[in-house]
Amino acid sequence: MQLSDQNQYTIQGIAPAQLVEQFGSPLYVYDGQTIRRKAAALQKAFSGVNMKIKFACKSNTNLAVLRLMREIGVELDVVSPGELEMGKLAGYQANQITFTPSGVPFYEVKEAVEAGAIVNVDSLPLLEWFGQTFGNTKPCLIRIKPNVAAGGHAKIMTAHADSKFGISVLLLDQILEIVKKYDIKIIGLHQHTGSDIKDAEPFLKVADILFETAKHFPDLEIVDLGGGFKVSYMPGDAITDMELLGNKITARFKKFCSEYGRELQLWFEPGKFLVSESGNLLVTTTVVKEDPARNFVHVDSGLNHLIRPMMYGSYHHILNTSNPTGEEKPYNVVGYICETDTFASDRHLPEVRQGDILAFLNAGAYGFTMSSNYNARFRPAEVLVDNGEARLVRRRETLEDLLLTQQGL
Ligand SMILES: *Cc1c(COP(=O)(O)O)cnc(C)c1O
């Protein structure tokens with residue numbers, strides 16, 4: 001993704017209009033180079049410790065993206081059996097995949113463990129069942145809820161006291177009791193604070209809580225600090241300073257390891273950080289309505305393709321790639337779904353005309369994976385641009401895809 005020249009927005013030199021002409025509209029386009037750059041930045045920031053990246057693939061499960069991750073040494077964090085299967089299809093060994101469930105049926109955990117994945121146990125009943133089922137024959141991690149509130153929106157805060165995720169750190173005695181009763185092999189402690197966390201402070205705070213808790217578990221190999229790094233949503237946006245965060249956490253982690261008496265692995269599970277900025281949703285303007293109250297730009301997409309703005313008010317920068325030098329006007333950019341699906345309100349864009357191609361940025365994470373067939377609409381195609389070449393990595397859906405599971409046609 002390049003914004004070097006304001007007038008010429010391209011994805012590795014390829015113009016959005018060319019992509020839409022070749023692959024149709026709307027279209028998800030991912031820039032492989034951006035993914036490589038982000039992963040390298042994270043690897044560099046933590047080069048002083050034994051760090052592993054586990055891509056939170058609920059943010060993007062396209063197999064081409066997963067294969068790219070594997071190629072650059074990034075492993076996987078999955079939240080469902082389906083994601084586990086996708087990981088295996090992308091060529092991962094099961095033991096490179098961590099299953100981080102949230103209150104799932106225990107048979108899903110059983111299948112994942114038997115397949116060879118490592119599980120983050122997220123409740124006391126699951127821990128008890130894990131002990132009964134596997135005793136000390138299978139290792140696991142425990143997902144701790146550190147009771148720290150941080151994140152960009154209530155729906156993406158996952159570590160505060162009221163959050164449904166993990167086992168409260170206040171229940172440590174009960175955790176230890178169950179672990180002892182079944183001699184469960186706890187090889188790691190995990191936590192995930194939430195999403196869109198800019199500052200180092202919340203990460204350091206939860207790290208300290210995990211380090212403190214870790215003293216009660218003698219067999220640890222891993223401390224997993226989850227994901228949630230904030231990315232840039234618009235030019236000049238404040239983001240997680242990875243170098244600073246890396247320095248600070250590295251120092252504390254090293255101190256912790258020396259106190260603990262062993263070199264542990266430090267894991268992170270970024271989703272957004274790795275893929276958000278790599279993605280564009282390209283859409284075409286269907287109608288421009290100059291209403292007395294507002295100018296509306298309708299596009300050939302909606303909450304069925306990109307629900308983040310409607311679900312948690314997320315900001316997606318929008319470029320009018322067809323008329324970049326047009327006179328700026330305020331618009332409400334809206335979808336074609338029969339429900340109010342506003343992508344952006346009162347957004348200043350270069351004059352938008354029917355047929356103009358708009359690019360919604362930051363569409364690489366929680367874009368396609370959250371899409372649906374609402375209004376019996378088809379999901380868009382996905383394209384990966386890598387090494388200057390655009391490749392179709394998922395075809396556009398058709399009516400047959402929608403009817404595939406219906407009976408009695
Ligand atoms: C969603 C999720 C992540 C990734 O969060 P991002 O904000 O995309 O980095 C990491 N870990 C777990 C357990 C998750 O559920």
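One-based numbering along the sequence shown. Predicted, not measured: the structure shown is a model, and the values here were computed from it. Ligands are counted one by one from 1 in listed order, and the atoms in each one are counted from 1 as well. Both backbone and side-chain heavy atoms feed into the values below; hydrogens, waters and symmetry mates do not.
Under a 4.0 Å N-O distance rule, the pair Asp386/Arg36 qualifies as a salt bridge. Glu382 and Arg395 are not joined by a salt bridge, as no carboxylate oxygen comes within less than 4.0 angstrom of a charged side-chain nitrogen.
For the residue pair Lys145 and Ser163, no side-chain donor N or O sits within less than 3.5 Å of a side-chain acceptor on the partner. Thr193 and Gln191 are linked by a side-chain donor-acceptor pair at a separation below 3.5 angstrom, with hydrogens and angles left out of the test.
No more than 12 heavy atoms of other residues, nucleotides or ligands lie within 6.0 Å of CD in Glu21, so this atom counts as exposed by the packing criterion.
Here the protein heavy atom with the shortest distance to atom 8 (O) of ligand 1 is Tyr366 OH, 2.6 Å. The protein non-hydrogen atom at the shortest distance from atom 13 (C) of ligand 1 is Glu269 OE1, 3.3 Å. Nearest to atom 9 (O) of ligand 1 among the protein's heavy atoms is Gly228 N, 2.8 Å. Atom 15 (O) of ligand 1 has Lys58 NZ, 2.6 Å as its closest protein atom, hydrogens excluded (heavy atom only).
For the pair Phe203/Ile197, a side-chain contact is recorded, criterion being any heavy-atom separation below 4.5 Å from C-beta on. By the 4.5 Å heavy-atom criterion applied to side chains, His317 and Pro235 are counted as neighbours.
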Below 3.5 Å, can you tabulate the donor-acceptor pairs from side chains in residues 48-57 to any protein atom, sequence neighbours excluded?
unit_1: Lys54; atom_1: NZ; unit_2: Glu75; atom_2: OE1; d: 2.7
unit_1: Lys54; atom_1: NZ; unit_2: Gln96; atom_2: O; d: 3.4

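Summarising the contacts of atom 5 (O) of ligand 1 with His192, Lys54, Lys272, the nearest heavy atom is found in His192.
Among the atoms of Ser195, some N or O lies under 3.5 angstrom from an N or O of ligand 1. For ligand 1, the polar-atom distance check finds an N/O of Gly271 within less than 3.5 Å of one of the ligand's N/O atoms.
Remark: ligand 1 atoms within the under-4.0 Å shell around heavy atoms of Thr100 are 13 (C). Each of the atoms 9 (O) of ligand 1 lies under 4.0 Å from some heavy atom of Pro270. Atom numbering of ligand 1 starts at 1 in the shown order; those under 4.0 Å from a heavy atom of Ala56 are 3 (C), 4 (C), 10 (C). Listed by number with element, the atoms of ligand 1 under 4.0 Å from a non-hydrogen atom of Gly227 are 9 (O), 10 (C).
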